[in-house]
Structures are given as C-alpha cells and as structure tokens.
2 protein chains.
Amino acid sequence: MTKNSTPTMNDVARVAGVSSMTVSRAFKANSSVSETTRQRILDAADQLGYVLDSTAAGLSTRKTGFVAVIIPSINNANFALTISALNEHLSNSGLQVLLGYSDYDMEEEERIVKAFLRRRPEAIVVTGGVHTESCRRYLAASGVPVIETWDLPASPINHAVGFSNARAGRIMARHLVGQGYKKIGFIGGNVERDRRGADRRHGFEEEVRAQGLSTERFWESNEAIITMEAGRNAMSGLLEKFPDTEAVMCASDVSAFGAMMACHRAGLRVPEDIAIAGFGAYDISANCFPEITSIDVGAYDIGVETAKLILMELAGDSRKLANNSTATDNSRCIEMPITLLPRLSTGE
Amino acid sequence: MTKNSTPTMNDVARVAGVSSMTVSRAFKANSSVSETTRQRILDAADQLGYVLDSTAAGLSTRKTGFVAVIIPSINNANFALTISALNEHLSNSGLQVLLGYSDYDMEEEERIVKAFLRRRPEAIVVTGGVHTESCRRYLAASGVPVIETWDLPASPINHAVGFSNARAGRIMARHLVGQGYKKIGFIGGNVERDRRGADRRHGFEEEVRAQGLSTERFWESNEAIITMEAGRNAMSGLLEKFPDTEAVMCASDVSAFGAMMACHRAGLRVPEDIAIAGFGAYDISANCFPEITSIDVGAYDIGVETAKLILMELAGDSRKLANNSTATDNSRCIEMPITLLPRLSTGE
DNA sequence: TTGAAAGCGCTACCAC
DNA sequence: GTGGTAGCGCTTTCAA
C-alpha cells in the first residue's frame, strides 16, 4: 500500500539517506552540498517523481514569487506586449506573473485585486491611474510595490510607468491640422469605461479647439468603441451626419480599421476623400492598405521599465521598514516616449 | 513599535477576542459562527487591514485553487477567447487560472509545465496534442486532470477538448474546389512550430490531391507564417512565381489578411482576380473588405467545455485512488464542431 | 458554537 | 558540508 499523495522532501531524504534539510539545499543553487550527495538526492527525487512545492516554500520564506498584473483586456496586442516584456524580464528572477483582466471595468478590477492579494504577490501592476476608492486603499495597504502603467496619474498610488494619453491626442490633432485638414472628427473615448481613450479624446479636443476648429464631428456614443465593428458603425453614422468630414482620429487602430472599412464600403477613398488616424501602432495599422497613421506608445518598453522597477524594489528590501508612507518618499514616475507614425491614411 | 509585517489570523483573533479558529470559520461561508461574533471578527479584520493568506490555507487544505493553462501565444484573439471562457467558468468556483504561453515552442512549454507543477495546480490545460516526451511524462505524472485542447490527439495524455485541424483543411479545400477554383495554393503550416497549422495544411493538401489538382502552389517557407507581414510576403512570393493562382488558403485569418493586402497592392481584386480563405474566424476576417472566408472553431466553447470537465473532475475526488492509469479508464475526448464561414473573398 | 492541539511541506537559524 | 529544531499562517480534527 503506497502512499497515494505526492512525495515530499522527507520521502526524498529517506531514499537518499540524508536529512530533509540537505534535500532542500540540493534543490537550491549556490548552496553548500557536496556534489556526490546532491547527485544522490536528485536521483532519488527523479525516481520518486518529486517536484518541489513552492507553496510550502513560500510560506517559509515569505516570498511567493508572484507578481500580480491586471490589464483591461486579454485580447489586445498592446497589453500582450507589456505582459510579454514583464514575463521575459521577471521569469529569470524566478518571478511568476499572475495575470488578470478587468474587461475595462473598475469594479471587476477591484474584485481581482482583492483575490490577488490573498496570493501575497510581491508586487502589483495595474493598468491606468483611475480605480475605485476601495481598490486604491487595498493597493496602498498591500505593503508591496504598486505600479500603475499606461498612464501618468496625477497622484499615483506608488510608482507609475506610462505616458500622457492627452498629449497623444494633442499630437495627433496637431498633425492632422498640419496636413491641412479642417473638418476634423473623433471616434471613441467618450465613455468612462475606456479612461485612457477618453484622455486621448480630451487632448485631441483641446488642440482642435485651440486651432479654432469645430468639434461637432466628435462622435457621441453610449458604448466604448474599441472593436472593428464599433468603429465601422460609428464611421457610418458620422459620414451620414457629416458627409463633408475631412479627417477622423479613432481612439484605437482597431476601431480606426473598422472606420476605414466603412469608408471603403461607402466608396470613399482614403486618404483622397477622407483621412483616418488611429492609436496604438497595432499590426493592422501597419499592414492594411492604405496604412493607418498611428501613435506608438512602446507597449513592450512599458513592460520592460515596469519589470526593472519591480526588480529594483525587490532587491532592496529596505522600504519595508516604513509601513505606510512609502509612496511619497521613494516612488518613481517614469514617462515613456511616444512616437507619431505618419502614414498613407492621412496623406503622407 | 508596531509589527511591520502583514497581520495574521492570530492578530485578528486577539483584537476580536476569539480564537484564531473562529476567525478562520468567520471567513468561510456556511460555517458555524454566531452572527454577532462573525461581525466582530470582520470588523477587527477590517480595522487591521487583514487579508486571508491563501498560500497558507492551501498548504493546509492541500488545494491551491490554481488551474494551470498554457497557450502558444498571448497575442491571439482565439486563445484569448478560450482563456476568457476558462476564467469565467472557473472563477465562480474559486479557481484561479495560472496562465503561461509557450511562444509555439515545445521546449518552452516543457519549461513552463515544470515551473507550474511547483505551484501544485489542481488541473492542467495545454494547447495541442504534441509535446516533448519529457513534458508528456511530467503531465501524466502530475496526479491532476490534464486537458489537451485545440486538437484531437491520437493518444491523449488524459482528456482532450478540440477538433480535427486536418478536417478543417479538407473542408476548406472542398469548398474552394466547389467554387470552381483549380489552381489552388496554401500559405503557412509547413513548419514544426505551428503544429495545428501544419495539420490544416496536410488535410487541405490531401483533399486537393484527391481532386486531382496540383499542389505546386503550396508555399514553402522556413518560418511559421502567422503574422500579417509574413502572409503578405508569402503572397507576394507566390504571385511572383505563379501569377495564375486562382485561390489560396492561409493557415490563419491573420496571414490571410496580410495576403489579401499583398493582392490589393499588386492591383489584384479579391475575389474577381484571386480568391482568399483563412482560418479562425478572427474579427479581422469578418470586418475587412472584402470579408474573408474562414472557419470558426468555437474557441470560446472549447474553454467552456474544458472548464466543465475540470469542475467535474474536481467535484468527484474519487479518481485520486488510482494513482496511475487514470487516463485510459475515465478520460474523455470531446470533439467540438467547426463551421465554415463562406464569404465574399471566395466569391460568395 | 467555540477552542486547543497538531500538522500541511518547506526553509531560517543555529549547531556541529 | 550536514542535521535538528522551530515555525511560516492556516485548517483539520477532536473535545468541550
């Protein structure tokens, strides 16, 4: 009658004829175990099919090796890039990303944060700088580094790695005006759900106004316009109401592509009849025809910088001393560069 | 001098004036604690900012609440759908998806499996039915349900929820032939890296051959053709070599879109001059113009069925008795339906 | 309904 | 280089 549960270090120790402590060491790099006994232990482990239990290890070391990361959507090439960078730069240090997605819903974000806190992550990465009040409190009280990404919050919880979405909007507006367009519209970003899209819209609007142009072609909607279909429908509606529209920025390349398809279906040529711009430097904006003018926010680099920040924080455990008030003292706010990509769709 | 670490159940117990055991009960639904003491405990917990430590809880209950899931790419709308379904259907039961992606690399998959096993997941979901020999062994010996998805392996490790990629290829080939096309090509799926794409190619090739048609227009490449750019380049190459090509299937909608853009750039009309088909029912194939004929594999439903299977398995803990040989007895293999979506790009 | 004791599997710490 | 002891924070089990 064999034991029906997974073998433990004690089992390995028994088979290898050593103490469990030595087994523990054998599984750790740079630990003082003679090469012969280590080999004997590894053989025994192999024979038993032993796998280290990092749950138990974490309880003892008080390090779970988790980094909690929350993004708005799991189906988004840009957030995927940030996640890739985090994974690549954290896994070397034995850190495992615990991934959650909020579906652009702050209540859901709060729920995920609460669930993740039970897993005792060593750092928490969230997207954006706007959260429920309760969520902010949980994050601030977590006792671990918190990094807000993809935005530059006015008052960050702790660290931030991002860019100004409003500035992105302004840059694109300036570009369109520079190309000579006057009757300019905007699609997306007018609902709470897509905060960062809304910031881009606001920046865009600000600049359009500053240029003395009308904002009547800014599309109003009750729903977030973040899919191709939504972009297509919005563009159809906009064209119906304002057939003389000369240029439109969409809150994302994805909706911009949908918008461009609506133009094509309507028999309009891009950019001869109408110019279209997007945001996010998605694959599609670079590969469709005509290519869509966009803004690259360096999604991968956001992940890289965030990972660096985390590794730095975890290296120096000093700040654990000050239980509160970590934020104001040694919190960092990193502004990432963004790049306008002028392309055919706006007449380049 | 306050304690500088996170509060524990004992801290809460002390403040609430009960034993830690009662605190434990207070945090569990359906446990026998008087309403008054429960409230007192929750207040104390709130005051201290206490959060349950599920690492420690898991050590005691021997249930981590993790379900390990490995997909090839985190930047893929279809795998994202499967993940969404898993998340939605597992989180109600308190299960947390532990997500990893292999980048279409079996060695990397093996590495992730090994890392995940240390977290003691209660079930493991992998994509595809081909793994390194070592990886198969680890999965089989894990002692928890293993579900291979997106494929129907000849000899599954344990369970499987998927479809026949070869059949998908055959279906599309038959459709193109039915539309009257004779000079038919295929782009993608000719490298080991994209196993399921390769299966589709083989099925497609089989059917094209069976129809007595040539397969000389099957594009050869050293790399996986899974991006828009790769699809575009492949199509350019194909058109150069065989300008008379009448129809092409791509291993994915993503590359199909790239291929279509190559046609547009070359001044070819789709489908008048050349027909294009894809695979996967991605957003882009439905929203581009012309729409691209595709095959819907029900990515979300794969996740739903997989989640159901996991919940069933975890409900009946019986099979833990038989330590090996779980597989052959009560393993299930679920074939999911796939749907051809005939669209404009192939002359519908 | 509540509490005390034991232990989950591992590692920190201190001996040798 | 190796082993013993204690304990991480929780839950199971048994008793009251």
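Worth knowing before you read on, the calculation uses all heavy atoms, side chains too, and leaves out hydrogens, waters and symmetry mates.
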- Note on the structure: Of C:dC10, C:dT2, D:dC10, the nucleotide closest to the side chain of A:A56 is C:dC10

- Task: Taking the six-membered ring for Trp and the single ring otherwise, decide whether the centroids of B:Y50 and B:F27 are under 6.0 Å apart.
- Result: yes

- Could you tell me whether A:E110 and A:K114 have a side-chain N and a carboxylate O separated by less than 4.0 Å? yes

- Under 4.0 Å between a Lys/Arg side-chain N and an Asp/Glu carboxylate O for A:D105 and A:R193? no

- Message: Tell me whether B:S93 contacts the main-chain N or O of B:L95 through its side chain, where contact means a donor paired with an acceptor under 3.5 Å.
- Response: no

- Length of the CE-C1' vector between A:M9 and C:dC10, whole Å: 6 Å

- So which nucleotide from D:dC10, C:dC10, D:dG4 ends up closest to the side chain of A:L52? C:dC10

- Taking only residues two or more places apart in sequence, or in another chain, which ones meet B:Q96 in a side-chain hydrogen bond (donor to acceptor under 3.5 Å, both in side chains)? none

- Message: Let's see if you can work this out: which of C:dC10, C:dG3, D:dC10 has an atom nearest to the side-chain heavy atoms of B:V18?
- Response: C:dG3

- Task: Look at all strands and tell whether A:Y50 reaches a base, only sugar-phosphate, or nothing, counting heavy atoms closer than 4.0 Å.
- Result: sugar-phosphate

- Distance in angstrom units between A:M21 CE and C:dT11 C1', rounded: 5 Å

- Item | Integer-rounded Å distance: D:dC8 C1' and A:D53 CG | 13 Å

- Task: Please determine if a side-chain N or O atom of A:S34 lies less than 4.0 Å away from the OP1 or OP2 oxygen of D:dT2.
- Result: yes

- Quiz item: B:S20 side-chain donor-acceptor pair to C:dG3 base, under 3.5 Å: no

- Item | For atom CG of B:L59 and atom C1' of C:dA6, their distance in whole Å | 13 Å

- Tell me whether the OP1 or OP2 atom of C:dT11 has a side-chain N or O from A:T61 closer than 4.0 Å. no

- Query: Can you check the B:N10 CG to C:dA4 P distance for me, whole Å?
  - Reply: 11 Å

- Query: Between A:R25 (CZ) and D:dG1 (P), how many Å, whole number?
  - Reply: 10 Å

- Message: Within the 4.0 Å heavy-atom criterion, would you say A:S32 contacts the bases, only the backbone, or no part of the nucleic acid?
- Response: base

- Item | Earlier contact from the 5' end, DNA chain C, for B:S60 and B:V33 | B:V33

- Query: Between B:R62 (CZ) and D:dG9 (C1'), how many Å, whole number?
  - Reply: 16 Å

- Message: Please report the distance, rounded to the nearest Å, between CD1 in B:I41 and P in C:dT2.
- Response: 7 Å

- Quick one: is A:T37 getting a side-chain N or O under 4.0 Å of the D:dT2 phosphate, OP1 or OP2? yes

- Item | Phosphate OP1/OP2 of D:dC10: any B:K63 side-chain N/O under 4.0 Å | no

- Note on the structure: Against the side chain of B:T22, the closest entry in C:dT2, C:dC8, C:dT11 is C:dT2

- Report yes if a side-chain nitrogen or oxygen of A:S19 is closer than 4.0 Å to either non-bridging phosphate oxygen (OP1 or OP2) of D:dG3; otherwise report no. yes

- Are any of A:S24's side-chain N or O atoms less than 4.0 Å away from OP1 or OP2 of C:dT11? yes

- Item | Check ion pair A:D43-A:R40 (N to O, under 4.0 angstrom) | no

